[in-house]
There are 2 protein chains.
Amino acid sequence: MTRATIKDVSRVAGVSIKTVSRVLNKERYVSDEMRQKVEEAVARLNYHPSLAARTLAGKRSFQIGLIHDNPSPYYIFNMQAGVGQRCREANFRMIIQPCDVNSPGLIDDIGALIDQAQLDGIIMTPPVTDVGTALAELFRRKIPVVRVQPGTDLTATSAVYIDNVQAADDMTAYLISLGHRRIGLVTGHANYFASGQRLTGYRQALQRAGIGFDASLVFPGQFDFQSGSAAAEALLALDDPPTAIFASSDEMAAGVLAAAHRMGVSVPDQLSVAGFDDTDLAQVVWPSLTTVRQPIRDLGYAAADLLLEFGERIERRQLPHELIVRGSTAAPKN
Amino acid sequence: MTRATIKDVSRVAGVSIKTVSRVLNKERYVSDEMRQKVEEAVARLNYHPSLAARTLAGKRSFQIGLIHDNPSPYYIFNMQAGVGQRCREANFRMIIQPCDVNSPGLIDDIGALIDQAQLDGIIMTPPVTDVGTALAELFRRKIPVVRVQPGTDLTATSAVYIDNVQAADDMTAYLISLGHRRIGLVTGHANYFASGQRLTGYRQALQRAGIGFDASLVFPGQFDFQSGSAAAEALLALDDPPTAIFASSDEMAAGVLAAAHRMGVSVPDQLSVAGFDDTDLAQVVWPSLTTVRQPIRDLGYAAADLLLEFGERIERRQLPHELIVRGSTAAPKN
DNA sequence: TTCGAGTATGACAACGTTATCTCATCGACC
DNA sequence: GGTCGATGAGATAACGTTGTCATACTCGAA
């Protein structure tokens, strides 16, 4: 038993090959009678069109690429889930391309991917979003691109994002509302523009509350557990240590928690800890993390949606974030 | 500027199309002189063959599918990383197909995937590995299959796996060696054969040490945080509670930790906790988890390797696990 | 009645590769 | 010196779709 082809379908339905193709592609000018005959035949033969043949003959490949260089399993998993769901709805396929922003072969890899697979579009996640040479290569090939949370050339491509400044502002304001005055900030990796945006939001909230900015309370991190731990140790060793630490990722927040545990500082009694992302992690550490929920899955879905709905046309979509309060924050005890 | 085709290459190299094809596919009977001319032309034109055309004309598609129904981001991320790496080495593409083992459309989805994309092979992860109807569909299509950690029909397809029985035995024996006599076990989801295997290993180690099996110390979990928490609460409420709890996943172990924190039971002083998998999680909770490292990424790499190297031929590969001792276990204090 | 615009269908080429078949050359062997 | 197998190269037909063009029918307006 070999695969059914469009020819088989046309024979069974008693129509021409082209008519079958028309029905499959939902083209205009097909009578209901024809459509029904074809659909019956398709169902009876359990026919599935060959993607390779469609790609070769047509101008579309029904495939989009997801390019990422992001070490966070949680982020990637959810991004894929969102993109994947939208793809399934449109009967598209998703090709995953991990890459390395520091690799000299980056441009060639992306070019080869597009050439070989004839992708209909590309979704990029940070930090690849902001690699100028990669972007240039994509423009050169005139392929539709949607970027998730881009930091540069904001209007150059379609994009989906959350308002990082506002999100960091919200969290900082929340900590201030609890009564905290000295709030430590662990920033993210410098490659990510979100890191800077979150710093901006933090300063913005402080200023509004009339609290002076103290640079010694800001510690550079890398989004990972280790740097969160290191940051906490440094911040808690200050002469006048913070009563709360806001880490720019849940993973760093977990590092802060671990350091606090090690140093015998109880959370949230002696120290409030806040994260960012609301990954699975946030509910798995103890105490569970107060954090900002970033709708990663929805961002992926929206990115794929922009690609499929609008193609080359540049569109932007901002998604809402949400402050999630859990057990790691409380009013300072003095 | 349009894409270069094999025709362009043949013109530039001054040879026939077929000769270019021969070089590209590393076929025999090509002189060094020809090969060199072709390679130069390929490089000069930055030519990448069209996957669609190759798939249509040839018998191979240079694509393999990864089918999974697994809610763990960490597991999926690492599995993909391993499979993806092997694919890149062979210049293959990986198509991800999340699915739902309980969906009635499962078989059709898999069939459609294979028909449409003409996949060269399939990799499955638990628990889809053991869905008989899905397996039957794959056999019907005579497509090479590699299963990761299959539980049933062990010799029906190629497979990669670790020795779950031995791994659980190792961990249990380690806890016994610390001096524990009452060791709780939180099992995994019943859908996963690994759950039963780990129970077997646990009993095996107890028996060897001459410790009677106590069914009240075994609590059924679902591999997730919640069930770990619930299990710990139940186990610690026993009249004669365990001094150590071995959870069949890190996530459940994290749940155990959280429950212990809540109940004021200090780890590892009053309770030792052990996990399984060595996910990122293990080092991010406090105290960090003693666990069994499962080389997920390597399993993915090996699975892809079997597919690409052996195709339909059935091969099996067992990978080593490793006991990782961290801060969550210690000798019981009496 | 005739014409044109819109609707509905089919014949056939094209897409860019690989597979198959053919042909030519070169040594080695009887 | 002819025959045969191994080697090297090309011409041409697939592969299963979509795009383009041609054709025929229908309906309302000139």
Side-chain angles (χ1 to χ4, degrees), chain A residues 2-39 41-42 45-63 91-93 112 114-120, chain B residues 2-39 41-42 45-63 91-93 112 114-120:
Chain A
T2 173
R3 294 183 59 227
T5 71
I6 202 172
K7 206 167 168 182
D8 302 324
V9 176
S10 73
R11 200 178 303 121
V12 168
V15 301
S16 77
I17 289 182
K18 182 64 212 190
T19 298
V20 177
S21 174
R22 285 202 178 90
V23 173
L24 260 37
N25 291 289
K26 304 195 201 312
E27 288 176 30
R28 298 194 315 173
Y29 306 145
V30 184
S31 66
D32 287 347
E33 185 195 1
M34 287 284 158
R35 188 183 315 280
Q36 202 180 328
K37 274 199 283 187
V38 169
E39 278 166 358
V42 165
L45 295 174
N46 190 27
Y47 164 76
H48 299 288
S50 153
L51 235 127
R54 259 147 75 104
T55 304
L56 185 55
K59 293 173 169 38
R60 301 177 301 168
S61 70
F62 303 92
Q63 295 190 314
N91 206 16
F92 263 61
R93 304 255 171 250
I114 297 171
D115 272 358
Q116 291 185 353
Q118 276 161 259
L119 297 181
D120 290 339
Chain B
T2 173
R3 297 183 56 226
T5 71
I6 201 173
K7 207 167 166 183
D8 302 325
V9 176
S10 73
R11 201 177 306 123
V12 168
V15 302
S16 76
I17 289 182
K18 181 63 210 187
T19 299
V20 177
S21 174
R22 285 202 179 90
V23 172
L24 260 36
N25 292 289
K26 304 194 200 313
E27 290 176 28
R28 299 194 316 175
Y29 307 145
V30 185
S31 64
D32 286 348
E33 186 195 0
M34 288 283 158
R35 187 183 317 278
Q36 204 180 328
K37 274 200 282 186
V38 169
E39 279 166 358
V42 165
L45 294 174
N46 192 27
Y47 164 77
H48 299 290
S50 153
L51 235 126
R54 293 181 103 181
T55 304
L56 184 55
K59 293 172 170 40
R60 301 177 300 167
S61 70
F62 303 93
Q63 293 189 313
N91 205 16
F92 263 61
R93 305 253 172 250
I114 297 172
D115 271 359
Q116 292 185 353
Q118 277 160 257
L119 298 180
D120 290 341

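Residue numbers start from 1 in every chain, and the chains themselves are labelled A, B, ... in the order their sequence lines are given, proteins ahead of strands. This is a predicted model, so every value here is computed, not measured.
A donor-acceptor pair under 3.5 Å links the side-chain atoms of B:T55 to the main chain of B:L51, judged by distance alone.
Contact annotation: A:T19 reaches the phosphate of C:dG10 (side-chain N/O to OP1 or OP2, under 4.0 Å). At the phosphate of D:dG8, neither OP1 nor OP2 sits under 4.0 Å from any side-chain N or O atom of B:Y29. When the side-chain nitrogen and oxygen atoms of A:S31 are compared with OP1 and OP2 of C:dT9, one or more of them lie within a distance under 4.0 Å. The phosphate of C:dT17 has neither OP1 nor OP2 within less than 4.0 Å of any side-chain N or O from B:S21.
Rounded to whole angstrom, the span from the CG atom of A:D120 across to the P atom of D:dT18 amounts to 13 Å. Rounded to whole angstrom, the span from the CD1 atom of A:I6 across to the P atom of D:dC15 amounts to 15 Å. Atom NZ in A:K7 sits about 13 Å away from atom P in C:dC12, given to the nearest Å. A straight line from CD of A:E27 to P of C:dT7 spans 15 Å, rounded to a whole angstrom. Atom pair A:L45:CG and D:dG16:C1' shows a separation of 15 Å (rounding to whole Å applied). Atoms CG (B:L24) and P (C:dG16) sit 15 Å apart, rounded to a whole Å. Rounded to whole Å, atom C1' of D:dG10 lies 13 Å from atom NZ of B:K37. Distance A:N25 CG to D:dG16 C1': 13 Å, rounded to the nearest Å.
At the heavy-atom level, B:Y47 lies under 4.0 Å from the strands shown only through sugar-phosphate atoms.
Listed nucleotides C:dG16, C:dT9, D:dG19 differ in distance to A:M34; the shortest reach to its side chain belongs to C:dT9. For B:K18, counting side-chain heavy atoms from C-beta on, the closest listed nucleotide (D:dT20, C:dT17, C:dA19) is C:dA19. Comparing atom distances between the B:A57 side chain and each of D:dG10, D:dC15, D:dT18 picks out D:dC15 as nearest. Here the nucleotide nearest the side chain of B:L56, chosen from D:dT18, C:dG10, C:dG16, is C:dG16.
Both tests pass for B:R54 against the ring of B:F62: distance under 6.0 Å to the centre and angle within 45° of the axis.
If you check distances only, the side chain of B:R22 does reach the base of D:dG10 with a donor-acceptor pair under 3.5 Å.
Of all non-hydrogen atoms in A:V12 and A:A41, the two that sit nearest each other are CG1-CB, 3.7 Å. The two residues A:R3 and A:D8 have their closest heavy-atom pair at O-OD2, 4.0 Å.
Two residues, B:Q118 and B:S16, neighbour DNA chain D, and the one matched to the more 5' nucleotide by heavy-atom proximity is B:S16. Each of B:G14 and B:A53 lies near DNA chain D, and the nucleotide nearest B:G14 is the one positioned closer to the 5' end.
Residue-environment remark: CD (A:Q36) stays at or below the threshold of 12 foreign heavy atoms within 6.0 Å.
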